[in-house]
Amino acid sequence: MVKNVYMDNAATTPVKKEVLDEMLPYFTEKYGNPSSIYRLGREGKAAIDDSRNKVANAIGANPKEIYFTSGGSEADNWAIKGVAFANKKKGNHIITSKVEHHGILHTCEYLERNGFDVTYLDVDENGIVDLKELEEAITDKTILISIMFANNEIGTIQPVKEIGEIAKKNGVFFHTDGVQAVGKIEIDVDDLNIDMLSMSAHKIYGPKGIGALYIRKGVKIHPHIHGGAQEKNRRAGTENVPSIVGFAKAIEMACENIDEHNKKLIKLRDKLIKDIANNISHVKLNGHPEKRLSNNVNFSFEFIEGEALLLSLDMVGVAGSSGSACTSGSLDPSHVLLSIGLPHEIAHGSLRLSLGDFNTEEEVDYVVENLITIVDRLRKMSPLYENVKEDK
Amino acid sequence: MVKNVYMDNAATTPVKKEVLDEMLPYFTEKYGNPSSIYRLGREGKAAIDDSRNKVANAIGANPKEIYFTSGGSEADNWAIKGVAFANKKKGNHIITSKVEHHGILHTCEYLERNGFDVTYLDVDENGIVDLKELEEAITDKTILISIMFANNEIGTIQPVKEIGEIAKKNGVFFHTDGVQAVGKIEIDVDDLNIDMLSMSAHKIYGPKGIGALYIRKGVKIHPHIHGGAQEKNRRAGTENVPSIVGFAKAIEMACENIDEHNKKLIKLRDKLIKDIANNISHVKLNGHPEKRLSNNVNFSFEFIEGEALLLSLDMVGVAGSSGSACTSGSLDPSHVLLSIGLPHEIAHGSLRLSLGDFNTEEEVDYVVENLITIVDRLRKMSPLYENVKEDK
Amino acid sequence: MYSEKVMDHFSNPRNVGEIENADGVGQVGNPKCGDIMKMYLKIEDDVIVDIKFKTFGCGSAIATSSMATELIKGKTIEEALKLTNKAVAEALGGLPPVKMHCSVLAEQAVKAALLDYSKKNGIEIEQLKDFDPDEDVHEH
Amino acid sequence: MYSEKVMDHFSNPRNVGEIENADGVGQVGNPKCGDIMKMYLKIEDDVIVDIKFKTFGCGSAIATSSMATELIKGKTIEEALKLTNKAVAEALGGLPPVKMHCSVLAEQAVKAALLDYSKKNGIEIEQLKDFDPDEDVHEH
Ligand SMILES: Cc1ncc(COP(=O)(O)O)c(C=O)c1O
Ligand SMILES: Cc1ncc(COP(=O)(O)O)c(C=O)c1O
């Protein structure tokens, strides 16, 4: 019997029914261009205003500081490039970490090719940056610190508040990629000294292709898309009203009962971690044991390769993801797993199971049962495991 | 009796039922991340591949040359900035026209502030660029020509094929903003020598927040959003699968029966033009009389102001748009209307009615009837009209 | 975008028209900017007994003209001179920020008409000493 | 992504295991890159009478190993040497471009096992003269 167990909620989530229901009228009835002055247009405008309030509310921001984008990657790109180019007279140095999402890393690499210097901070074995190293990295040329809120692969949560304080103290703008954190960690941009925050709807049961960048008033940043006057002249393009409305509903739902959601997720997460650790040998939990997203489980299974694991799981209806190079068609496994010190061959054999609001204890049991069989089968095929058995 | 007559289809269109129906499963059921290898992910990937084929088909391109974006503005920005920065060693000169969409114009202005030279070609009284002027503007520093396919305000269609030939002959990349043209004019990128073409779904009964940039193989262009490997490493971000699917369905529907659609639109358009011209004095049709989008009607009504006209139309349930400065909160009226030589005060009193697949002859009658009354009422209030009557 | 009051005054403007042989006529604004207001006053014993306007302009230009005439009709010159653009905007339930200049125009139009009246009648109105009806209210 | 054939060979790989006292054993690949293939041969009268494999690697690494063993079992050494990575990929109904290196690895593993056999038995195999099993198939 093949079940369908979706445990890749860090990659994307289904749109919740309540969210879709809010969106639907804006496709076919309330379809007016929000820049238009007639009724249909004003309806769209009102929907956007209302949505902006909801998103702002969720992170303790002023609605005027919320700029809708086409997702997390665009928000990341905008924050980094927008601040870099707008402040290049002041300085050309940016500080980030080695475990950022590619939306940050590849953007920083682009800037390096265009006259900027970037410091990529190391992380410890749990994936956390060193605050002293961060402080020491700041020079009088530093214009931006971008450290993610919570890691998408291993779930590790950074000391965001402390980073914000260091940034503030040194007069440097602080951006944090909050794509995985929003809806799972309570965020107050003022309390945390965050100047810019990237968000994405499709990680919290909202639609794909919509997100936002919070930009604190006073941050010097170039517009990202030039054109119409939308988003206060900073991000042109006819507003994606249905998706904006969906994003707002999703973030509202996620942040309303954040503690309750987390309680449920953490229970499942900890059961999954315990059951894997207790039933399968030669495994290692990646990421910080406590400072960890409520929905993230990431294990390395020695002697086997991640893609084979994923395919096998797929065959029994389980959706997960892996830090294996093979899943991405590249050769090096996940930069995050390498950054926390995993050897290549172990990084290759990693599996991320990210939980969501729809997962159940039975599903956790089902996944563990199948994992036991699959890992055993693949290890029996593995020439690396052979040696281990001989060692014993 | 207030009717609802939507005649602002150049601003945006409702999503057609057939389009929404194709999109729906991708929100709640087939929601997998297309980069994932399990079934749900592969389904998303397959949907994108299929959509890319459809979009490519519609413009005679290879699917590998289609890159999905968040809409027309992003496509415009990408084309201009992406080519400019990637080719700046070769040259820093760009040629465009004075009647482009702000997505092009403001992007060019941004580049001017960053070391590029931009030539903004004049247009004639119908809004058409002069091919000789274009050719003369090309220097050995010219890297890009960007001239829109069809104008969003006055509907004028440019001699795209000839421009493409000039660009090709001179070894300069040619981008055209096809947002208003796609689905209304048959486009074959090879035949027309187009190197890059911007498209947007929400002008052709697809969803907002999705579009594409066609990039001919061989065009040197920077990626637009750095990050994940989506869109062949050129435009990162989790793919907006439902919207991509909707865009593909919409463009397929629009291009399938392009002649039939146009026949209907042109009939309505010409009736609207005739009825206004015959029933209201002191009016002027803006845009080229023949080289004109099948759905565009743009009139100037002397002695009155566009926003007042729009509000009055809205009160009787008619949605249109205007080149008035007052609708945008700026002071200068539409740059397009000024570029074709309209004096400010006449440009202020312009009205665009853009037809769509859902408009009927009865609606045209209804609009003209109401226009007659409204224009009369506003003119009676206008101190400018007073003088005219005295002149007579 | 617009308050109900604005829409009401736009669609049913009060005091539209001209006054033949008006005691004061003032026109401000400029067609390039998209709005012109013209006010006609009938004044008896320092009281504005009748007022009419004609406006070329957007919805709020028409509504502010209408509201200004209503606020002033029956008032003394003294009182009329106290009419501020803010008062007009407030009476309309507020205006969008980009439209505030319309209310300024309305205030100016009233003053221009009063200035015309003062000139025609050789009266000096202290408060209008520095008033220039051709001054541009737009910050170009 | 993968053809049905690939998935079949991945989920039901043929000839998995080891051969005790194999006549030839070859291992290629490297754990850093995420794939290692090890092949065991039993050879009688120049014929590969049995072949087994063990693979650490992704789905296509396992499938290509499996397919390669199937294609070679019962063949002469001469025939086995003619096995190309393309033939393995084709027999699997094709591989995604980024996975073609797996089929190369499978070809190399067979050759490495044959080289081992030749060395153990003091036979010179002309076609393997220049073959280096430690050579990296990935273009790093
Ligand atoms: C000619 C033209 N280009 C670009 C755009 C921008 O498209 P979008 O609203 O999808 O960003 C539009 C419409 O707004 C347009 O008419
Ligand atoms: C931490 C992080 N940042 C950025 C992104 C990119 O977001 P999007 O897919 O909305 O572009 C993701 C997810 O893909 C993420 O996990």
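The chains referred to below are lettered A, B, ... by the order of the sequence lines, with proteins before strands, and numbering in each begins at 1. Heavy atoms only: backbone and side chains are in, while hydrogens, waters and symmetry mates are out. The model shown is predicted, which means the values in this text are computed figures rather than measured ones.
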Heavy-atom pairs under 4.5 Å with chain B, option from A:Gly211, A:Ser73, A:Gly32 with the top count: A:Ser73
query: Which bit of B:Thr28 is near chain A, if near means a heavy-atom gap under 4.5 Å: side chain, backbone, both or neither?
result: both
- request: Go through the atoms of B:Phe85 and report whether side chain, backbone, both or neither lie under 4.5 Å from a heavy atom of chain A.
  value: side chain
query: With respect to chain B, which residue among A:His106, A:His102, A:Gln230, A:His226 yields the maximal number of heavy-atom pairs within a distance under 4.5 Å?
result: A:His226
- prompt: Picking from B:Gly320, B:Ser243, B:Gly41, which has the most non-hydrogen pairs under 4.5 angstrom with chain A?
  reply: B:Gly320
- prompt: Taking side chain as C-beta onward, heavy atoms only, is A:Glu307 less than 4.5 Å from B:Ile37?
  reply: yes
- request: Measure A:Ile80 against the heavy atoms of chain B and call it side chain, backbone, both or neither at under 4.5 Å.
  value: neither
message: At a heavy-atom distance under 4.5 Å, which candidate from A:Met23, A:Lys81, A:His101, A:Lys17 has the highest pair count against chain B?
response: A:Lys81
- request: Mark yes or no for whether A:Lys203, through its side chain, and A:Ala10, through its backbone, hold a donor-acceptor pair below 3.5 Å.
  value: yes
- line: Most contact-rich option vs chain B, by heavy-atom pairs under 4.5 angstrom, among A:Tyr26, A:Trp78, A:Tyr205, A:Phe27, is A:Phe27
- prompt: Sub-3.5 Å donor-acceptor pair from the side chain of B:Tyr6 to the main-chain atoms of B:Pro14, do we have one?
  reply: no
Presence of salt bridge, B:Arg42 and A:Asp314, under 4.0 angstrom: yes
Structural part of A:Glu239 lying under 4.5 Å from a heavy atom of chain B: backbone
field: Residue part contacting chain B, namely of A:Asp76, when any heavy atom lies under 4.5 Å
entry: neither
message: Can you confirm if the aromatic rings of A:Phe247 and A:His202 lie within a centre distance of less than 6.0 Å?
response: no
task: With a 4.5 Å cut-off on heavy-atom pairs, point out which of A:Lys30, A:Glu100, A:His222, A:Glu29 contacts chain B the most.
output: A:His222
- prompt: How about A:Arg235 and A:Ser70: do any of their side-chain heavy atoms sit closer than 4.5 Å?
  reply: yes
message: If the threshold is 4.0 Å, N to carboxylate O, is there a salt bridge linking A:Asp357 and A:Lys16?
response: yes
query: What residue in B:Gly72, B:Ala319, B:Ala236, B:Pro207 has the most heavy-atom pairs under 4.5 Å with chain A?
result: B:Ala319
task: Measure A:Ser200 against the heavy atoms of chain B and call it side chain, backbone, both or neither at under 4.5 Å.
output: neither
task: Give a yes or no on whether a salt bridge exists between A:Glu109 and A:Arg113, defined as a side-chain N under 4.0 angstrom from a carboxylate O.
output: no
message: Given heavy-atom pairs under 4.5 angstrom as the criterion, report whether the side chain, backbone, both or neither of A:Thr107 touches chain B.
response: both
task: Measure A:Asn240 against the heavy atoms of chain B and call it side chain, backbone, both or neither at under 4.5 Å.
output: both
field: Proximity breakdown for B:Ser321 and chain A, heavy-atom pairs closer than 4.5 Å
entry: neither
query: Checking heavy atoms, do the side chain of B:Asn77, its backbone, both or neither come under 4.5 Å from chain A?
result: side chain
message: If I measure from the heavy atoms of chain A, does B:Asn233 come under 4.5 Å with its side chain, its backbone, both, or neither?
response: neither
query: Mind checking whether B:Val19 and B:Val245 have side chains closer than 4.5 Å, heavy atoms only?
result: no
message: Are A:Arg234 and A:Ile221 packed together at the side-chain level, in the sense that at least one heavy-atom pair is separated by less than 4.5 angstrom?
response: yes
- request: For A:Asn359 and A:Gly356, indicate whether the former's side chain and the latter's backbone hold a donor-acceptor pair under 3.5 Å.
  value: yes
B:Lys88 NZ/CZ over B:Phe116 ring centroid, <6.0 Å and within 45° of normal: no
task: Under 4.5 Å, counting heavy-atom pairs only, tell me which of A:Asp8, A:Leu105, A:Leu40 racks up the most with chain B.
output: A:Asp8
